[in-house]
Every structure is written in structure tokens, then in C-alpha cells.
Amino acid sequence: MGWGDLGVFGEPSRETPNLDKMASEGMLFPNFYTANPLCSPSRAALLTGRLPIRNGFYTTNSHARNAYTPQEIVGGISDSEILFPELLKKAGYVNKIIGKWHLGHRPSYHPLRHGFDEWFGSANCHFGPYDNKQIPNIPLYRDWNMVGRYYEEFNINHKTGESNLTQIYLQEALEFIYSQAVAQQPFFLYWSIDATHAPVYASRPFLGTSNRGLYGDAVREIDFSIGKILNLLNLTGIAKDTFVFFTSDNGAALISAPMQGGSNGPFLCGKQTTFEGGMRVPGIAWWPGHVAPGQVSYQLGSIMDLFTTSLSLAGLEIPRDRAIDGIDLSPVILESKETERPIFYYRGNELMAVRLGQHKAHYWTWSNSWEELSQGINFCPGQNITGVTTHMQVEHSINPLLFHLGRDPGEKYSISVLSTEYEDAVNRISSVVQQHRDSMVPGEPQLNVCDLAVMNWSPHGCEKLGKCLTPPQSNPWKCVWPH
């Protein structure tokens, strides 16, 4: 389970008692990472165990640009990719996704074509409302058929922030878990809610209950929901048979802060960047009777590891016909064993930085352009660091910028190129980078082409609801990704 645009650090308090309890009963990963500073590529990486540059969730239209799956995108998850619910399904698991899919909205990309048996949610972000003429409102689905659209059957009040979507998603989760428990059926639940993604929302009982405003209200409701889910696992007697992992698809979106975004604590910048605030995310493993309570592991972990770890815990083999970037964390989670591994920070088609141990080397730096900054688009508000949070794409391949993240989690003090520490660390990292680049075979980019005709005009099931809309003529173009 997890949610989008979540800040990493917050004070343990009444705001998130259930997440605090989950961490105290399991293992906390302070060094956990997403695979990309944006939502769609990270979700593709989670489900395939592969970097977005391999699974096709990137663009080559411009250098080092973040890209995702808005309504007008033509591409999506390729049939050549293997998603771990596909493998779980073959082993007898029943799989359900609740919430945002974000791996393409056209019929060939539907989650029920990629290993899931059930779905309640949407293929896109909950942006809107739209006029259903120039742009259609985004549909929500139950399995194959749409059941309504955002801002129509499923409202989000922009003025008050009120929406009951998280409660709907919670009820879907509880009913699914209960039915599988009664049937003694192995299952995988991907609880992919998005209340903390702008426009942020919460249901009426949670509005105004947090000191953090609407964003805090949304976090409190998610925390409440997690408590309900874990409690049901205990009540049905299947907690000791159920591995649960909580994480996020990217760091907090500081551009939406403070009302619509979270905090990344000591880390630099936020979503959209390859600084720590954009890619270091929460990680909590919970499995009573298997994961010893109250543990903190400083193992470098990645959202892609959930692919490999889940298959390992299910007793299934990892695909051998392709490069898999995720590692098996089960020895870490079950035996507290740690292993050295790199973390690769990609932005679009460019390897921006690499972490190995405590050291992180930046080969490129870029927050966003001067032009965007002049328009008020700032991914690093209040955090300008000369030569680091650059507003032009700056290459550092000859002498990478090096930081020690233990001493300097905010990436403020680069290590001198004249020091022995710099030489030793860069030599170690450079060897890893060279090996990585030599073996890299990029996938076919899926996020290059846009077309208004492929938007959500007439989703499957729209006929029954009288919700079909007339699409425009197809006129594809190269998508423009500004940052």
C-alpha cells in the first residue's frame, strides 16, 4: 500500500498514530527510495521491478525531462513488461488495485490485462473539473466498466477540500480483504490512493482536524484508514500470513506547499527533482510473527525491490529473461542482514546521480528552468544552493558533485575534489556507473506521443451510463515536457 506526494519526516504524534504503530511493530527504512521523482514512472518501476528507462516510462522528446500519463498520452505499460501481479496470479493469488493506476488509460493498458482481477479507481490523476467538450472529466472504473467521472458522480470540492473518495477506497479494501480471508484465498492488494496529491481532499469528519491544514487532514484520514486495514488483518486472523509495505511514489510536492503539499524535512527540494527530497520516501515493513517489532534498517531500499521481495516471499522465481533492478529485501526484513547496492537517480532519459553507501554523486544538476521559476514554479522553495539547485541543466561528469548524506542530508556542502574522501568515493561510484551504463538497454519510450483523440471520451461502460462523449479527430504530436 502507499500514497503519492508524501513527505518523509514528521513528528510522531496524534497526527499519524497508526503509521507510528505500524513502524513500531515492524521495520522502518529511513533510506528508502522511489525510482523516479514523478508518479507514473515510479508506479511502473514498482510493478515491473525495473527502472523507467528499461520499462519505457520515460521520454526522449527532450533531455532529462519528467513525463507521466495525462489523458492525452498515447502510450502506457507495454505488453512485453511482466508485472508481478501477473506472476502472483499464475500462482493462485487474487489481485486487486484500488485507486490510481497511472500506467496508461487506453484499453490495452487496463490493469485487468496486466495481472489484476479487480479494480476500483481511475487510470489518471483526479484533475478537473473539465467541460466535457474540450477536455473530458476523468472516469473511475469498477473492473472493466466506468462507474462515473470525477466532479460528477465522484465530487471533489475545491473550495472546501471535501471528498469521500478515501472512505470509498477504504471500504473497497476492507471488503476485499474480508472476502479473501473468509475464502482462505491468497491475495495481493495494491491500495494506491491519492488524497495527498493536489488537489488535496479529505472527507468531512477529517476536515479541519489537523494542525497542518488540508494536507494534514488528508494524511490523518489515510492514517486512520491504514489503522482500519491492519486491524482487520488482525481480526480475521491473517495478519501473520500477510506482508504489508507502506511507501510513496515520490517525495512531497513542495510546489503545492504549504496548503496542498507536504514537507521533506531535512532533504533538499521535492517532487520533480533528483535531490533527496524528490526521491527519498517512507518505507515501513509490517508482518507480525515474521518481522521483529521496533526495527530500523539503514539498508538502501528501492520501490523496485517490492517486485523482487514479493515474489521471493511468495516462493516464486524472478524472471531471468530481462534485467531486474529490484533486489530481494527478505534477508533484510526477516534476518536484519544488509547488503551494499547502488541507488540510481534518473530524470527522464538521463542518469542524474548515484548513491553508494553514504555518498551521493551528482552527474547532472537541474531543478527547473529560469523561465518556469519566473512564473512562480519552484521545486525548491527557500532552498536555493548555489551550483546545486541549478536552473539550467549542468553536467558534472568530469568532477561529479559529491555529498555525504549521513553528515549532510540536505546536500548543502559538497566534498572537495582535492580530498582523499572524494577520490575514494568517486572511484567506487564511477565503477558502478560504468558497469550500469555498459549493460543498459533502454526500452521503447512510451511517453513521447500525445493526441487529444485518445482522451477519456468514451471509456468502456459509458453507454450504460449515458456518459459517452464524441472525440475529436486524431492529430498526434510530440508531447512537451517542460521540466
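When reading the values below, keep in mind they use all heavy atoms of this one structure, side chains included, and skip hydrogens, waters and symmetry mates.
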Residues in side-chain contact (heavy atoms from CB on, under 4.5 Å) with [X], at least two apart?
X	answer
Ser297	Met27, Phe29, Gln299, Val332, Glu338
Thr242	Phe187, Leu233, Ile238, Val244
Pro319	Ile82, Leu87, Phe307, Leu311, Asp321, Arg322

*Which one of Glu81, Met304, Arg43 satisfies the side chain to side chain contact (heavy atoms under 4.5 Å, CB included) criterion with Thr48?*
Glu81

Ignoring hydrogens and geometry beyond distance, is a side-chain donor-acceptor pair present between [X] and [Y] at under 3.5 Å?
X	Y	result
Asn124	Gln71	no
Ser40	Thr69	yes
Asn349	Thr59	no
Asn137	Glu152	yes
Thr209	Arg220	yes
Glu175	Gln171	yes

What do you reckon, are the aromatic ring centroids of [X] and [Y] less than 6.0 Å apart?
X	Y	answer
His126	Tyr201	yes
Phe206	Phe224	yes
Phe243	Trp286	no

*List the steps and the verdict of side chain to side chain donor-acceptor pair (under 3.5 Å) for Thr60 and Asn448.*
CA-CA 7 Å; Thr60 55; Asn448 279 351; 2.9 Å; yes

*Taking atom CD of Glu317 as the centre, report whether more than 12 heavy atoms of other residues, nucleotides or ligands fall under 6.0 Å from it.*
no

_Residue His460 excluded, over 12 heavy atoms near NE2 under 6.0 Å_ = no

*Do Cys479 and Ile73 pass the side-chain contact (heavy atoms from CB on, under 4.5 Å) test, and can you show the C-alpha distance, the side-chain angles, and the key distance before you say yes or no?*
CA-CA 8 Å; Cys479 307; Ile73 200 74; 3.7 Å; yes

*Are the side chain of Ser312 and the backbone N or O of Thr308 linked by a donor-acceptor pair below 3.5 Å?*
no

_Derivation of the side chain to side chain donor-acceptor pair (under 3.5 Å) call for Gln272 and Asn66_ = CA-CA 7 Å; Gln272 302 277 5; Asn66 292 320; 2.9 Å; yes

Check this for me, if you would: do [X] and [Y] make a salt bridge, where the nitrogen-to-carboxylate-oxygen distance has to be below 4.0 angstrom?
X	Y	result
Lys96	Asp117	no
Lys21	Glu25	yes
Arg212	Glu15	no

Tell me, please, which residues at least two apart from [X] pass salt bridge (Lys or Arg N to Asp or Glu O under 4.0 Å).
X	value
Arg54	Asp325
Arg341	Asp305
Glu463	none
Arg142	Glu172

*Which residue pairs pass the salt bridge (charged side-chain N to carboxylate O under 4.0 Å, His left out) test with at least one member in residues 439-452, sequence neighbours excluded?*
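For residues 439-452: none.
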
Could you check whether any side-chain heavy atom of [X] comes within less than 4.5 Å of a side-chain heavy atom of [Y], counting everything from C-beta outward?
X	Y	answer
Phe84	Phe188	yes
Leu47	Pro85	yes
Trp287	Ile333	no
Pro331	Asp328	yes
Trp101	Ile77	yes
Leu174	Tyr178	no
Val94	Gln180	yes
Trp191	Tyr169	yes

*Not counting sequence neighbours, list each pair that qualifies as a side chain to side chain donor-acceptor pair (under 3.5 Å) and has a residue in residues 103-116.*
none

*Sorted by first residue and then second, give each side chain to side chain donor-acceptor pair (under 3.5 Å) pair with at least one member in residues 227-241; sequence neighbours left out.*
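Counting only pairs at least two positions apart or across chains, no side chain to side chain donor-acceptor pair (under 3.5 Å) contact touches residues 227-241.
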
_Passing candidate, side chain to side chain donor-acceptor pair (under 3.5 Å) with Arg280, options Asn31, Thr34, Asn250, Asn264_ =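 Answer after filtering Asn31, Thr34, Asn250, Asn264: Asn31.
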
*asked:* Does Phe344 form a side-chain contact (heavy atoms from CB on, under 4.5 Å) with Leu351? I'd like the steps, not just the answer.
replied: CA-CA 7 Å; Phe344 298 106; Leu351 179 61; 3.8 Å; yes

*Output, in order, the C-alpha distance, side-chain angles, deciding distance and verdict of side chain to side chain donor-acceptor pair (under 3.5 Å) for Ser336 and Gln295.*
CA-CA 9 Å; Ser336 299; Gln295 295 187 84; 2.5 Å; yes

*Classify the angle between the aromatic ring planes of Tyr33 and Tyr345 as parallel (below 30°), tilted (30 to 60°) or perpendicular (above 60°).*
perpendicular

*For the residue pair Phe32 and Phe245, does the interplanar ring angle fall in the parallel (under 30°), tilted (30 to 60°) or perpendicular (over 60°) class?*
tilted

*disulfide bond (SG atoms under 2.5 Å apart) contacts touching residues 114-217 (sequence neighbours left out)*: none

_Pairs flagged by disulfide bond (SG atoms under 2.5 Å apart) wherever residues 236-276 is involved - sequence neighbours left out_ =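 Every pair satisfying disulfide bond (SG atoms under 2.5 Å apart) with a residue in residues 236-276: Cys269-Cys380.
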
_Verdict with reasoning, Met146 to Lys467, per side-chain contact (heavy atoms from CB on, under 4.5 Å)_ = CA-CA 9 Å; Met146 71 172 286; Lys467 290 280 185 177; 3.9 Å; yes

